[in-house]
Amino acid sequence: MIGPEKDPQQEGPSMTYQAATAEPEGGTAPTEVAVEPDATVPDGPAEPKIGRAEMPDNGDRTRLWQAWFAAARSGDQAAYARFLRDVVPVIRGIVRAKAGGLGGSSEEDIVQDVLLAIHDKRHTWRQDEPVQPWLYAITRYKVVDAFRRRGSHASVPIEDMADTLPAPEAADPTDGSDAMRVIGRLEPASAELVLAIVRQGASIRDLALRFGITEGAARVRLHRATKRLGQLRRTMIE
Amino acid sequence: MSVDAVSKLTSGAKRLPRRRELAPMKLDDLISRLSRDTSRPQPVSRAFLLALALGAVVSALLFTLALGLRPDAAEAFRMPQIAMKPVLGLLAGLGCIRPALTFARPGAAMRIGRSELPLALLPVAAALLFGLELQRLAAGERWSAFVGESLPVFLLAMPLLSLPFLAGAFIALRHGACTMPVLTGGIAGMLSGGFGVALYALFCTEDSALFFVPWYLAGIAAMAGAGAALGPAALRW
């Protein structure tokens with residue numbers, strides 16, 4: 001009685017759809033936000049899809065998502081499919097940023113997990129609230145969940161990662177003494193700053209005193225140095 | 001290498017590459033499959049209130065079977081201090097309903113409003129009752145009033161009366177999507193402790209605030225702790 005069963009009094013999908021077009025709940029009629037089918041999409045899906053060229057800016061997209069998802073709630077299947085398609089790249093971006101180390105197939109698994117979660121938990125979104133925080137919270141949760149599951153099943157078959165694991169010779173240059181090579185490529189001032197922290201355990205205050213700058217400036221320099229280190233590390237791996 | 005590891009290795013080797021090949025196809029399939037499902041799950045709030053009502057029925061049943069209303073209930077609950085005993089629990093229970101529902105929705109912002117008023121009144125009422133009783137009693141009487149005579153009964157019965165509420169709350173919250181399970185579990189625990197205490201207060205004849213204020217609050221806090229501990233396992237989705 002508590003699970004997501006259908007309400008016995010609920011009307012069929014076609015009925016609710018008609019009701020939705022008659023008086024849209026989200027304030028915007030689904031027809032107003034419908035985007036023309038994009039002829040350039042090669043694998044021609046049944047529902048219209050937004051091409052890259054007409055990808056709306058963030059504000060527009062938020063409104064589109066809101067309207068699509070609201071229409072989906074009233075039974076508009078096309079709007080729901082459009083919504084799901086349109087959020088996939090964004091979800092994939094978040095997943096990649098947070099779980100990049102898990103490898104390509106895991107990323108896609110998480111993306112699909114997120115889509116399933118969106119569907120299973122669609123009733124936890126309220127129409128008067130923005131859809132993005134809801135979506136991002138679900139995505140974050142599923143990414144963390146994927147890490148946790150991976151952590152608890154420590155024996156991941158290595159074959160699965162053969163494509164994504166770096167070859168042995170391309171070892172991470174920040175490991176062990178190789179880290180010094182990366183730091184050595186920094187500008188001398190930045191390298192001194194990083195070494196002061198790494199080798200002598202200097203604090204921000206120490207840095208400020210040593211370089212005769214404010215703590216804020218020291219923080220900024222450190223931030224720049226670490227950012228540059230990251231760049232160097234990436235280029236040196238490749 | 002254990003048998004288990006071998007089976008994992010082989011099953012994984014079979015399963016995952018196929019997924020990778022079919023990933024783009026499968027995504028489209030998934031989307032069209034999901035979008036065709038136009039059923040509308042009921043909101044969490046409805047399930048939650050239903051579950052709490054069911055928890056109340058089970059708890060009340062337990063209560064009548066094992067404890068029963070105090071014999072002098074009719075006169076006793078006319079006295080403000082005694083009437084406040086169940087009210088303390090109700091404040092905790094009612095005040096937690098909306099926060100629990102808020103945290104059942106991903107990304108929802110907690111807004112403090114009128115429905116959290118009971119939670120603000122709880123410490124005020126507790127401090128007032130406790131302070132007045134402290135003044136009323138002579139120094140020598142305080143300790144025995146605090147320890148009371150029915151503490152073991154309370155420590156056993158109160159969690160049992162709270163459990164149906166906790167189970168109901170967890171089942172209903174699983175219908176939602178808790179992204180902060182420790183916090184949400186703690187709120188659900190506090191809610192169940194509040195209602196459990198409110199029910200227990202109808203039986204309990206220890207009417208000194210030095211007894212019931214600290215112990216009732218401790219009971220509610222313990223249930224909150226239990227809820228927080230169980231949350232990550234119970235509220236996963």
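Residue numbering restarts at 1 for every chain, and letters A, B, ... go by the order of the sequence lines.
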Can you give me every donor-acceptor pair (side chain of residues 190-201 of chain B, partner residue at least two apart or in another chain, under 3.5 Å) with its distance?
unit_1: B:S192; atom_1: OG; unit_2: B:G189; atom_2: O; d: 2.8
unit_1: B:Y200; atom_1: OH; unit_2: B:F154; atom_2: N; d: 3.3

Note to self: Looking at A:H123 and B:H175, would you say the former's side chain and the latter's main chain have a donor-acceptor pair under 3.5 Å?
What the structure shows: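 Between the backbone of B:H175 and the side chain of A:H123 there is a qualifying donor-acceptor contact (under 3.5 Å).
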Notebook entry, point to check: Okay, side chain of B:R36, backbone of A:Q77: is any donor-acceptor separation there less than 3.5 Å?
Noted result: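 Looks like no, no N/O pair under 3.5 Å.
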Margin query: Go through it in stages, so that I can follow the logic: the residues are B:T179 and A:W134, the test is side-chain contact (heavy atoms from CB on, under 4.5 Å), and I'd like the CA-CA distance, side-chain angles, deciding distance and then a yes or no.
Written below: CA-CA 10 Å; B:T179 49; A:W134 179 83; over 6 Å; no
Between [X] and chain B, with a heavy-atom cut-off of 4.5 Å, which part of the residue counts as in contact: side chain, backbone, both or neither?
{"X": "A:R140", "value": "neither"}
{"X": "A:L116", "value": "both"}
{"X": "A:V144", "value": "neither"}
{"X": "A:Y80", "value": "both"}

Output the distance between atom [atom1] ([X]) and atom [atom2] ([Y]), rounded to the nearest 0.5 Å.
{"X": "B:I31", "Y": "A:Q112", "atom1": "CD1", "atom2": "CD", "answer": "9.0 Å"}
{"X": "A:D120", "Y": "B:L34", "atom1": "CG", "atom2": "CG", "answer": "8.0 Å"}
{"X": "A:L84", "Y": "B:R33", "atom1": "CG", "atom2": "CZ", "answer": "11.5 Å"}

So which atom in [X] and which in [Y] form the shortest heavy-atom distance, rounded to 0.1 Å?
{"X": "B:S39", "Y": "A:R122", "value": "O-NH2, 2.5 Å"}
{"X": "A:K121", "Y": "B:G176", "value": "NZ-O, 2.7 Å"}
{"X": "A:Y141", "Y": "B:C178", "value": "CE1-O, 3.6 Å"}

Margin query: If you apply the rule side-chain contact (heavy atoms from CB on, under 4.5 Å), what do you find for A:R92 with B:L27, and how did you get there?
Written below: CA-CA 12 Å; A:R92 192 177 283 137; B:L27 196 63; 3.4 Å; yes
Check: Does any heavy atom of chain A fall under 4.5 Å from the side chain of B:R236, the backbone, both, or neither of them?
Finding: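 Looking at B:R236, backbone and side chain both touch chain A.
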Check: Are there residues of residues 100-123 of chain B that reach to under 4.5 Å of chain A by heavy atoms, and which ones?
Finding: B:A104, B:R105, B:P106, B:G107, B:A108, B:R111
Check: With no hydrogens and no angle check, do the side chains of B:S35 and A:R85 hold a donor and an acceptor under 3.5 Å apart?
Finding: no
